[in-house]
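Note that the coordinates shown come from a computational prediction; the quantities given were computed from them, not determined experimentally. Letters go in sequence order (proteins before strands), and every chain restarts at 1.
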Number of protein chains: 2
Amino acid sequence: MVRETGGLRADAARNRRLLLDAAEAELAEHGLDVSIARIAARAGIGKGTVFRHFATKDQLVAAIFTDQLDGLAATGAALLEAAEPGVALLEFMTAGVELQAGGQSVCQLAASISRTDPAVRAAVGRLADVAEALTARARAAGAVREDVTGHDIVLLLAAASQAAVPLGDVVPGLWRRYLGLIFDGLRPEAAHPLPVPAPTNAQLTAAAQPA
Amino acid sequence: MVRETGGLRADAARNRRLLLDAAEAELAEHGLDVSIARIAARAGIGKGTVFRHFATKDQLVAAIFTDQLDGLAATGAALLEAAEPGVALLEFMTAGVELQAGGQSVCQLAASISRTDPAVRAAVGRLADVAEALTARARAAGAVREDVTGHDIVLLLAAASQAAVPLGDVVPGLWRRYLGLIFDGLRPEAAHPLPVPAPTNAQLTAAAQPA
DNA sequence: ACCTGAACACCGTTCAAGT
DNA sequence: ACCTGAACACCGTTCAAGT
């Protein structure tokens with residue numbers, strides 16, 4: 001949790017919270033292109049203070065992204081107790097796409113930052129664990145095909161939201177259509193052999209190298 | 001076709017071609033973040049000359065994107081004569097994702113530019129027409145569910161490539177897995193009613209407003 | 001007409017000066 | 001310890017001077 005105020009002085013802790021709140025709001029409103037100056041102004045702090053808390057703009061964005069991923073993981077963990085595993089999995093995926101549909105940035109994030117930043121990568125791992133648990137239940141219930149993993153689910157969240165991006169402003173809920181289509185592809189009825197196996201944990205770890 | 005040299009002076013026509021080739025290569029290698037200076041240097045022309053041919057960096061990128069879309073449309077048109085409509089549609093989608101997998105930028109493009117730039121929007125329209133023709137054949141052959149349109153197909157191309165982005169370097173052909181999963185969702189066997197109808201032409205036209 | 005590089009505005013990042 | 005704004009390097013874009 002980034003909002004923990006470790007052993008910080010009172011003013012530093014306060015500024016950090018102001019910064020994170022301002023950054024989250026500005027990123028959601030204007031996407032990755034917001035200037036640090038704008039975020040600092042909204043937080044009511046100096047530009048330089050931003051770089052005292054986060055060495056780089058990317059790291060600030062990564063911190064916020066990490067928080068959001070962990071929030072989604074918590075949602076997924078709660079859904080493990082739901083009655084119908086297939087419905088629960090779909091609800092989890094819906095929450096995941098909704099998260100991305102709120103902001104602008106989405107895929108630029110997934111592309112460049114989640115590879116590099118260790119905290120984000122750890123958060124993705126926690127998320128994938130929850131997704132795998134949900135998927136295992138759905139598989140056992142016959143709601144989902146055998147060859148789909150939790151990592152597949154996480155990666156498909158970005159896919160569903162991406163499909164709707166070009167029309168996002170005009171048709172607000174369009175991503176639900178593509179999530180529905182993609183989810184139908186996860187059902188056992190239409191399952192055909194896939195040409196490439198699911199990514200392994202080793203491959204996910206290997207992706208840590210910077211671009 | 002952007003590489004047409006209209007009524008340009010000889011040196012201008014030559015520079016334009018050098019510029020487009022250099023830009024395409026640099027964009028594929030380094031993504032949307034390449035500097036104009038770098039592109040100009042590769043083309044062997046001055047920075048200012050870039051802006052004589054394209055008013056803005058976005059317009060240069062849009063020109064290249066337009067070309068690539070039209071190339072894909074040509075591939076799709078050729079596939080209209082293929083024997084099996086379902087296989088043809090999948091081949092078309094494969095070519096579409098391959099196009100995006102080659103470069104880096106992908107989704108940033110789809111998000112910000114294709115909305116705004118009229119030439120890109122026109123190219124997307126031509127592409128959607130071909131996709132719709134391919135889809136109609138596949139529908140009639142029973143290879144694809146009734147409620148999927150050509151525009152769905154085009155939007156799903158970005159989805160499939162997006163899913164593989166975080167692991168693109170590590171597992172080169174991973175997008176084939178997600179294209180396969182998504183294509184299984186298009187089959188009639190697993191079709192469930194979708195919560196949102198396909199985007200209409202009116203909505204696609206309305207999306208022309210800048211962000 | 002078209003080319004060019006110097007000049008401008010803007011943004012991420014650094015750092016000397018403050019408390 | 002931490003805050004701040006001026007200063008730096010870099011990039012997209014403009015434009016006066018060249019051919």
Minimum side-chain heavy-atom gap B:E132-B:R137 below 4.5 Å: no
B:R145: salt bridge (Lys or Arg N to Asp or Glu O under 4.0 Å) partners, not counting sequence neighbours: A:D184, B:D147
Side chains of B:M93 and B:L179 in contact at under 4.5 Å (non-hydrogen atoms): yes
Contacts of type side-chain hydrogen bond (donor to acceptor under 3.5 Å, both in side chains), residue B:R42, not counting sequence neighbours: B:E26, B:E29
Minimum side-chain heavy-atom gap B:L127-B:F92 below 4.5 Å: yes
Interface residues of residues 36-44 of chain B with DNA chain C (non-hydrogen, below 4.0 angstrom): none
Start and end of chain A contact along DNA chain D [non-hydrogen atoms, under 4.0 Å]: D:dA1 to D:dA7
Where B:V154 and B:A131 come nearest, the two heavy atoms and their spacing: CG2-CB, 4.0 Å
Sugar-phosphate only, base, or nothing, as touched by B:S35 at under 4.0 Å among non-hydrogen atoms: sugar-phosphate
Sugar-phosphate, base or nothing in reach of A:V50, heavy atoms under 4.0 Å: nothing
Under the 3.5 Å Watson-Crick or G-U criterion, the dot-bracket string of DNA chain D, with | for inter-strand pairs: ||.|||||...|||||.||
By salt bridge (Lys or Arg N to Asp or Glu O under 4.0 Å) - contacts of B:D152 (at least two apart): A:R177
For B:A77 against B:V130, the heavy-atom pair lying closest together: N-CG1, 3.4 Å
Gap separating the CG atom of A:D21 from the CZ atom of A:R16, nearest 0.5 angstrom: 11.5 Å
Side chain B:K57, main chain B:L32, donor-acceptor under 3.5 Å: yes
Residue mapping more 5' on DNA chain D - nearest nucleotide basis, B:V34 or A:A12: A:A12
Residue closer to the 5' end of DNA chain C, B:D11 versus A:T56 (nearest nucleotide): B:D11
